[in-house]
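Some notes on the structure that comes next.
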Amino acid sequence: VDDPDNALGKAELELRRGILILAVLSQLRKAEYGYSLRQALAARGMAVEEGTLYPLLRRLESQGVLASEWRIEDGPPRRYYVLSAQGKQLYKALSASWRGMVATMDGLLGDSK
Amino acid sequence: MNANDVIDSYVGDVARRLPRRQRNDVGFELRALLNEELAGKAEAAGRPADEAMAMALVREFGKPDDVADRYRPQSFTIIKPSETRTFMTMALGGLLLQWGITIPAMIFPRSNATGADDEFLLRLGHWWTSWGLGAFWWPGFLVTIAIVASWIRHRWPVTTTEWRPTTYDRDLVNRPLMVFAVLSALFGISVMVFLPQFVALMVPPGRAADVVQRVLAYDDTFLSQRGPWLLPVWIAQLALLAVVAVEGRWRTLTRRFEIALGALMALVLTWFLAAGPIWHAAPTDKTAKGIIVLIIAIIVIDIAVKLRRELMRLRPPQMSAV
């Protein structure tokens, strides 16, 4: 049996894992490269490990959700990611689902008070 | 080693584990990102990046194997979690079965060897390089089949077949079939018990009949001492089948009796094999014992299947009183 802290850590990790894609999509309405995206997410309270985020960008790109290109803008070459047309649709649909879930969860958590 | 060397080495290790088409692009991007991360950490620490800082960064990033896995698109699974236990049982069971059959032959060789230790070690060495290692063909064969099946599932996913409830009731007994089985078993047992008389009835008197009688004659010691032990087991099995035929379905109790009697029958037959000749004529005895080994194997498999079904039955959990 896990100790309470460990159980909380695991449960929170699962929770964050579930919403990570939506969090990433939300920040890629404008083009970002890996490091700047991580900084942007962290600045808004969503710290993501680099070892999780960078491979995720590649996987989302291979699924057609993101488009990417190499650019040189005041610094070394960087790969910039942005939502593709399919990614925009997914972001819209996921946002709606998320809002629905938040409302549902608010109701559930309210009931348990 | 400076910080750049650490990152280059790490990126090289990750890239080596990636598909060829991804290797260069991902490696280049990963190096750029790690360098930016390192620069960020150095800035936060207020000192230039060094080897220790780079090591801390890549350790936090993850082991190259794990990172490469995260970069890979989801591939197909060779053995699904729901099939893992069955696969393990089949793979290890097959391996142990082969060893179980070949180890006794290695320990007790047919030739009248002296049994000296060095000879045993020689036999052990020979066994290991032949049957011992050779038995691993079975798990390898299963893995190959699983790979092919998994690839086919991945390549041509089945989308049309839907789950349907099964209406097959395993416990329900087909009475006419059961009666037929009991009568057939009675006939078979009678033939075995009264084999000489049966031969005399079927084969016209003459030289051929004499030969058949000699070939199929039971060993006297077997007939008087060991053979009779089979009768109570047969009678109990027939009585059980008769009870089940009358009741119309198997119950937990009758199933357990069936398993126990099967185990008893396997034990008695194994004893027959080990205790001495069953038939008087050596060729008949040898052939018949081969058949008995097969029968024992079938009984053991049947018991294993029935035990598994019994264990997989849904039983009500323990309830606490309210």
Side-chain angles (χ1 to χ4, degrees), chain A residues 9-10 13-14 16-21 23-24 27-28 31-82 84 86-87 90, chain B residues 3-4 6-45 49 53-77 154 157:
Chain A
K10 276 186 184 171
L13 191 71
E14 287 293 318
R16 290 170 76 86
R17 197 173 284 163
I19 57 173
L20 181 59
I21 290 178
V24 167
Q27 299 305 299
L28 289 179
E32 296 275 5
Y33 59 96
Y35 183 69
S36 67
L37 173 63
R38 203 167 86 83
Q39 300 293 337
L41 286 167
R44 287 165 178 77
M46 185 79 184
V48 186
E49 285 179 13
E50 54 271 48
T52 304
L53 180 64
Y54 300 155
L56 175 66
L57 292 173
R58 282 286 176 159
R59 292 205 302 276
L60 290 174
E61 190 201 10
S62 70
Q63 289 165 17
V65 175
L66 300 180
S68 74
E69 61 174 355
W70 283 97
R71 282 190 218 163
I72 301 178
E73 289 177 5
D74 62 352
R78 288 164 178 148
R79 195 177 183 99
Y80 281 78
Y81 295 86
V82 71
S84 65
Q86 185 191 330
L90 180 68
Chain B
N4 278 338
V6 172
I7 287 181
D8 280 352
S9 168
Y10 181 79
V11 169
D13 265 5
V14 173
R16 205 154 40 82
R17 290 165 168 83
L18 290 170
R20 195 178 292 276
R21 63 177 189 282
Q22 269 192 317
R23 214 170 277 171
N24 186 60
D25 203 36
V26 169
F28 194 75
E29 185 190 19
L30 183 60
R31 189 170 57 190
L33 288 168
L34 288 174
N35 279 328
E36 297 222 36
E37 291 282 351
L38 189 64
K41 281 185 188 298
E43 195 182 325
M53 204 181 279
M55 284 301 292
L57 172 68
V58 296
R59 279 187 184 136
E60 201 179 327
F61 204 83
K63 290 181 182 166
D65 288 2
D66 299 336
V67 175
D69 283 348
R70 282 180 227 149
Y71 270 105
R72 278 174 179 272
Q74 268 202 333
S75 186
F76 60 88
T77 310
H154 177 72

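Letters A, B, ... are given to chains in the order of the sequence lines, protein chains preceding strands, and every chain is numbered from 1.
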**Partners passing ring-ring contact (aromatic ring centres under 6.0 Å, His included) against B:Y71 (at least two apart in sequence or in another chain)** = none
**Message:** Which residues pass the ring-ring contact (aromatic ring centres under 6.0 Å, His included) test with A:Y80, not counting sequence neighbours?
**Reply:** A:Y33
**Message:** Applying salt bridge (charged side-chain N to carboxylate O under 4.0 Å, His left out) as the test, list every pair that has at least one member in residues 63-78 of chain A; sequence neighbours left out.
**Reply:** A:E69-A:R71, A:R71-A:E73, A:R78-B:E36
**Message:** Heavy atom to heavy atom, less than 4.5 Å: which residues from residues 14-35 of chain B reach chain A?
**Reply:** B:D25, B:V26, B:F28, B:E29, B:A32, B:L33
**Asked** Can you name the closest pair of heavy atoms from A:G51 and B:R70 and give their distance?
**Response** O-NH1, 2.6 Å
**Message:** Minimum heavy-atom separation for B:L38 and B:A3, please, with both atom names.
**Reply:** CD2-CB, 3.7 Å
**Asked** Looking only at atom types and distance, does a side-chain atom of A:S84 sit under 3.5 Å from a main-chain N or O of A:G64, one as donor and one as acceptor?
**Response** yes
